[in-house]
Amino acid sequence: MTVHATAEKIKRMEIRGAGRIARAAVEALRAHARELDARDLAGFRKGMEEAAGLLLATRPTAVSLPNAVHLVMAPLGKAEDLGEARDGVIRAADQFIRSSKGAVERIGEIGAHHIADGETILTHCNSEAALSCIITAARQGKDFEVFATEVRPGNQGLLTIQALSDAGIPTHYIVDSAVRHFMNRIDRVFVGADAVAVNGAVVNKIGTSLVALAAHEARTPFIVAAETYKFAPRTTLGELVEIEERAGDEVLPKARVEKLPRVTVHNPVFDVTPAAYIDLIVTEEGAIPPSLAYIIIREFLGWDIEEFHKTFQIAHRDQG
Ligand code: RUB
């Protein structure tokens, strides 16, 4: 698929979920690198940077997207000629896609240890990583039930109940506001992440923080399943993760709102769950408490953090 087509699908949420968005963007960059008709290294770099810019501008919250783009574009900086640059990008893209799929599998294996026979699990939104934990546990022969939320306004819960049902797992479907009502029946909550900040806070689908609050009050363990490329290096520099605000007509049709002149519809699609409400973050490198988020950014993300800080300082000096 072309970069334009991929970017449109991500914007319209036909491709959605942080891991899938990252992989789709990387696949589009790889196809672009193969086909880009550039005369020299400078032309190739320019063409690739434009493509990366288009993809990065699609949705602001899932940090997996800039992290994946950064990893795939890194060979451009080191390459000495056009052939080396093209090969480097294609190789980095292959590597990202392979390791991303492997990470989801590994998270499933680790996360499944936290699900026992007879338990009741709750999940919110549609996360490959969280579902990997749940479905792996079912494949291991564990007998448990899952509550899945509806997830207004995008209804991602429908994707989740389809996946759970296909995996043969007894599933209960509830509206988002019923979470607290059922929380006393829940043994463990599993959700995914769009971003994990250096302080261990997790950005995920709107409503996740309310689920976490209800779990905290009921002393129900709250587990986040997140690949290491969901961790946000820029938060070490004090940057906040931007929360995407989508059109209000996803919540209420325009025609209805037009009859309500004093009503403004808000549609933030992610929220922030503080580290204090999170018991564990399961990554492909192992399960960590949220307080160890910095270690993941530093050791496993594949970013040279010193280099990154230097570049950031130079960029700011140039702007100033
Ligand atoms: C999806 C969402 C998911 C995370 C993690 O939001 O919040 O929980 O992206 O998913 P949206 P995964 O539907 O708006 O993209 O584990 O699949 O990366």
Side-chain angles (χ1 to χ4, degrees), residues 1-104 125-129 154-156 158-159 162-163 192 194-195 205 227 229-230 232-234 241-242 244-247 249-250 267 269-270 301-303:
M1 212 189 315
T2 65
V3 168
H4 269 102
T6 304
E8 277 314 303
K9 277 183 188 279
I10 295 174
K11 267 191 218 158
R12 288 201 301 266
M13 290 177 64
E14 284 167 38
I15 298 172
R16 49 142 303 280
R20 287 190 179 92
I21 288 173
R23 281 199 301 276
V26 167
E27 278 166 13
L29 283 176
R30 180 175 61 184
H32 197 64
R34 281 192 182 125
E35 283 151 26
L36 187 60
D37 186 17
R39 242 191 284 150
D40 52 19
L41 178 58
F44 184 74
R45 272 197 188 127
K46 190 163 172 284
M48 288 307 298
E49 273 158 18
E50 278 166 12
L54 257 180
L55 292 161
L56 289 173
T58 51
R59 293 187 75 190
T61 304
V63 161
S64 50
L65 175 59
N67 279 350
V69 168
H70 175 89
L71 289 170
V72 169
M73 299 285 280
L76 281 182
K78 292 170 207 143
E80 291 186 355
D81 59 46
L82 175 56
E84 208 182 301
R86 205 188 292 273
D87 290 351
V89 167
I90 294 170
R91 248 199 323 274
D94 288 343
Q95 158 74 16
F96 178 81
I97 291 163
R98 231 187 353 262
S99 65
S100 162
K101 289 181 180 159
V104 173
C125 198
N126 178 255
S127 156
E128 278 192 297
N155 293 323
Q156 286 91 336
L158 292 175
L159 300 169
Q162 184 69 58
D194 281 80
K205 179 54 54 193
E227 304 90 302
Y229 54 80
K230 308 270 181 71
R234 283 181 178 276
V241 175
E242 185 181 337
E244 178 181 7
E245 179 93 33
R246 293 182 69 87
D249 61 4
E250 289 182 358
N267 187 18
V269 292
F270 298 102
L301 203 47
W303 290 55

Side chain proximity check, Ile90 to Arg30, heavy atoms < 4.5 angstrom: yes
Non-hydrogen side-chain atoms of Glu14 and Glu8 separated by less than 4.5 Å: no
Distance (rounded to the nearest 0.5 Å) between Thr6 OG1 and His32 NE2: 11.0 Å
Enclosure of Glu80 CD (heavy-atom neighbours >12, cutoff 6.0 Å): no
Donor-acceptor under 3.5 Å (Arg59 side chain, Leu65 main chain): no
Closest non-hydrogen atom pair between Tyr229 and Ser100, with its separation: OH-OG, 2.7 Å
Donor-acceptor contact present, side-chain Glu242 to main-chain Thr61, <3.5 Å: no
From CD (Glu50) to CG (Leu55), nearest 0.5 Å: 12.0 Å
Leu41 side chain reached by Asp81 side chain, heavy atoms, under 4.5 Å: no
Charged N-O contact under 4.0 Å between Arg23 and Glu27: no
Arg86 side chain to Ala33 backbone, donor-acceptor under 3.5 Å: yes
Asp37 CG: over 12 foreign heavy atoms closer than 6.0 Å: no
Residue pair Ile15 / Ile10, side-chain heavy-atom distance below 4.5 Å: yes
Heavy-atom side-chain proximity of Lys205 to Val269 below 4.5 angstrom: yes
Taking every non-hydrogen atom, the tightest pair across Ala103 and Glu227: CB-CG, 3.8 Å
side-chain contact (heavy atoms from CB on, under 4.5 Å) between Arg20 and Asn126, intermediate numbers included: CA-CA 11 Å; Arg20 287 190 179 92; Asn126 178 255; 3.8 Å; yes
Candidate pair Lys230 and Val63, rule side-chain contact (heavy atoms from CB on, under 4.5 Å), full reasoning: CA-CA 6 Å; Lys230 308 270 181 71; Val63 161; 6.0 Å; no
Nearest heavy-atom neighbours spanning Cys125 and Arg16: SG-NH2, 4.3 Å
Between CG on residue Asp194 and CD1 on residue Ile21, distance to nearest 0.5 Å: 7.0 Å
CG-CD distance between Asn267 and Glu244, expressed to the nearest 0.5 angstrom: 8.5 Å
Side chain to side chain, Asp87 and Pro75, heavy atoms closer than 4.5 Å: no
Donor-acceptor contact below 3.5 Å, side chain Ser99 vs main chain Gln95: yes
